[in-house]
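Notes follow once the structure below has been shown.
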2 protein chains.
Amino acid sequence: MRGHIPTYIKLKSMIQRSIEKRELVPGEKLPSERTLAVTHGLSRMTVRQALSELVTAGALYREQGRGTFVSARKMQQRNIASFSETVRQKGFAPSTRVLEFSSIKPPKDIADKLMAVDAEMYRALRIRLADDIPVALEEVFIPFHICPGLEKKDLTASLYKLIGDTFGHKIASADSSVTALHPNAKQQEHLRITRNTPVLKIDSLYFSGNGQTLYYEHAVYRADMYEYNIRISTQPGK
Amino acid sequence: MRGHIPTYIKLKSMIQRSIEKRELVPGEKLPSERTLAVTHGLSRMTVRQALSELVTAGALYREQGRGTFVSARKMQQRNIASFSETVRQKGFAPSTRVLEFSSIKPPKDIADKLMAVDAEMYRALRIRLADDIPVALEEVFIPFHICPGLEKKDLTASLYKLIGDTFGHKIASADSSVTALHPNAKQQEHLRITRNTPVLKIDSLYFSGNGQTLYYEHAVYRADMYEYNIRISTQPGK
DNA sequence: TCCTAAAATTGGACTATACCAACACTAGCA
DNA sequence: TGCTAGTGTTGGTATAGTCCAATTTTAGGA
C-alpha cells in the first residue's frame, strides 16, 4: 500500500484529537490496553506502541494495576518553535527583511561549533518583524554542504522550514544559550530601540537526528516584545 | 524474581556504557537487531525496546535498510538543571541565603498556575550565590499538600532535590518563560547591582509525571554572571 | 459492620513469527 | 567499463500469545 499510514499512528492521532477536543479530560481513565485492542481490532502490542509514544510525549501516564490516564497538562507540540510560528500564535503577522547575504569564511568559534573548520559557509543577517515592528535581529551561519544553492532560495520565508523541506535536513534538537544584555549600536538601529531597552540574546546550534550540526543562529530579541517559552522534560526511561 | 531488572534495561545500559567508554564511537554501526537478538539470546522485539529508548534519548539513530548508529553528540543527561548543579559545573561554590519564609495565601495568578485556588502555601525568598557573589533572587511558591512540614527542613539546600528525595515528588518537566529586563529596587539591592545591569527573568512551573503542578518559581538572574543553557528536542514519533 | 483472602483487572516484560519497505551489494548484460 | 536487475540485509509494522506484578474488586467470614 502506497502512502499507507501505520495503524498505531492512526490510533495515536485519534487519542490526541480526543484530548484536544476535551472528549478525554485530564485525569480520565482510558479503556485498558486489552479493551482498546479488541474494540479497534488490533493486537495489544500495537495499542501499546501508540500509548507508549503518548506517554513519552507527556500526554498520558500509566499506573500499573490501575490503568492509563490523561495527563493534567494540555498537550503542546513542544517542537523547537520557529519565529514565524511563535509570532503567529500570539496573533501577529510575521515577516522578514534580509539585510545581508554572502558566503564567507566564518570566525573560528562558529566554525568550531559547526565542526566545519575550513569550510566556506553562507551568512545571512535578517530582521524579523511582527506586524511590521522589528522584534529580532538574526545572524545565521549555514555550511555550504548543508544547503547547496541557498543563494537561489527565498530567505524571507522560514529558514527552519526551508532546511527541513527543501534540503531534507530534519532538525531534531538544538542547544541554546540565553542571556540578557544591552543592544549595541547596530542592534539599536535595526530594532529601533535605545540602549536602555534590554534585549534577549539567544545563540542556538541546531542538530539533525544523527547529531550532525546543521546551522548556527545568533539572535537578539527586543525583550519588551518577545518572551522565550520552553518546556523541558527529564529523560524518559531513567 | 525479586528486584529483577528487565532484560531490555540491561541491554540498554550495556550499550550506554559502551558509548560512554568510547568502545562504541560516534557514527559507528551497531550489530543488526536480529544479530543482537541472537547473540544475547533475546527476541528481536526486546532488542528493539532497548534500542528505541536510546533512539528517543538521542544516543542512537536508525536508518531503514542501513542499520542503527551511534549519534555524534555526546550523551547528556538533559535534566532540568538546578542552580546548585549549574554553578558547580562552572567551577564555583554554590550557596543559599534564605531571606524570608512564611505561609501565605498566594496571589491569584500564582494560585491559578498551581491549580490550587483556595490553598495556603509556603513562600520562600532566597538569594543564590556563586563563590559568595549574589547571582540570583528567587521566589518560590509551594502548596502545603506538596511538602507538608517544609518549615522544618533546611532551605539552604537544593529545593529541587528536597522535593524529590524527601517528599517523593519526582519532577518530570517544567514550563519556563524567559525574558530580559532591568531590576527593580529590591532586586538591585539584593543582587548588589545598578539599574543598568540587565537581568534574566525566568518563571518556571514544575510538574510531576502525571501533570500535577508541584511548585512555581520566579527567579531573577544577574545576566553578566549567569547564562541559561538548554537542549531542546523535537517530539519523537512526529 | 468490618476486615481479610481470593479473584479479576491492568500494565510490564517477553517470545516467536510474519510480511513490508528501504537500501546495499553483486552478478551479469550491453 | 558502466548500467541494471536481482537478491539479501536492515529496520518498520503488526499479530498472537505467555507469564508476572501491582492494584482493585468481590465475596465470605468473624
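A note on names: the letters A, B, ... follow the listed sequences, proteins ahead of strands, and every chain is numbered from 1.
Nucleotide D/dA22 holds its C1' atom 12 Å from the CZ atom of A/Phe69, rounded to whole Å. Rounded to a whole Å, the CD atom of B/Gln64 is 14 Å from the P atom of C/dC20. Atom CD of A/Glu53 is separated from atom P of D/dG12 by 11 Å (rounded to the nearest Å). Here the P atom of nucleotide D/dA16 and the CD atom of A/Glu33 are 16 Å apart, to the nearest Å. Rounded to whole Å, the distance from CG on B/Leu30 to C1' on D/dT9 is 16 Å. Put simply, OH on A/Tyr61 is 16 Å from P on C/dT10, counting in whole angstrom units. In this structure, NZ of A/Lys10 is placed 19 Å from P of D/dG12, rounded to the nearest angstrom. As rounded to whole Å, 12 Å separates atom P of D/dG12 from atom CG of B/Leu60.
Counting only heavy atoms from C-beta on, A/Tyr8 has its side chain closest to D/dA14 among D/dG12, D/dT10, D/dA14. Which of C/dA24, D/dG11, C/dG11 sits closest to the side chain of B/Arg44 comes down to D/dG11. Of the candidates D/dT24, C/dT15, D/dG11, the closest approach to any side-chain atom of B/Thr46 belongs to C/dT15. Nearest nucleotide to the side chain of A/Leu42, out of C/dT15, D/dA21, D/dT15: D/dT15. Listed candidates were C/dG12, D/dT13, C/dA22. Nearest to the side chain of A/Gln49 is D/dT13. You'll find that the side chain of B/Arg48 is closest to D/dT13, out of D/dT13, C/dA21, C/dG12. For A/Pro6, counting side-chain heavy atoms from C-beta on, the closest listed nucleotide (C/dA13, C/dT15, D/dT13) is D/dT13.
Contact record, B/Ile202 with B/Ser176: CG2-CB, 4.4 Å, taken as the closest heavy-atom pair.
Phosphate contact (OP1/OP2 of C/dC23, side-chain N/O of B/Arg66, threshold under 4.0 Å): absent. Regarding contacts with the backbone of D/dA14, every side-chain N or O of A/Ser43 stays at 4.0 angstrom or more from both OP1 and OP2. Considering only side-chain N and O atoms, B/Arg62 lies under 4.0 angstrom from the phosphate OP1 or OP2 of D/dG12.
A/Tyr122 has its ring centre less than 6.0 Å from the ring centre of A/Phe144.
In summary, the side chains of B/Arg128 and B/Ser84 do present a donor paired with an acceptor at a separation below 3.5 Å, with no hydrogens or angles considered.
A 4.5 Å side-chain heavy-atom check between A/Thr46 and A/Leu11 finds every atom pair outside the cut-off.
Contact of A/Arg34 with C/dG11 (side chain to base): a donor-acceptor pair of N or O atoms is detected under 3.5 Å.
With sequence neighbours left out, B/Tyr216 forms a ring pair (Phe, Tyr, Trp, His ring centres under 6.0 Å) with no residue at all.
Along DNA chain D, the nucleotide closest to B/Thr68 and the one closest to A/Met45 are compared, and the more 5′ of them pairs with B/Thr68. Between A/Gly65 and B/Glu63, it is B/Glu63 whose nearest contact on DNA chain D lies nearer the 5' terminus.
Within a 6.0 Å sphere centred on CZ of A/Phe92, heavy atoms belonging to other residues, nucleotides or ligands number 12 at most.
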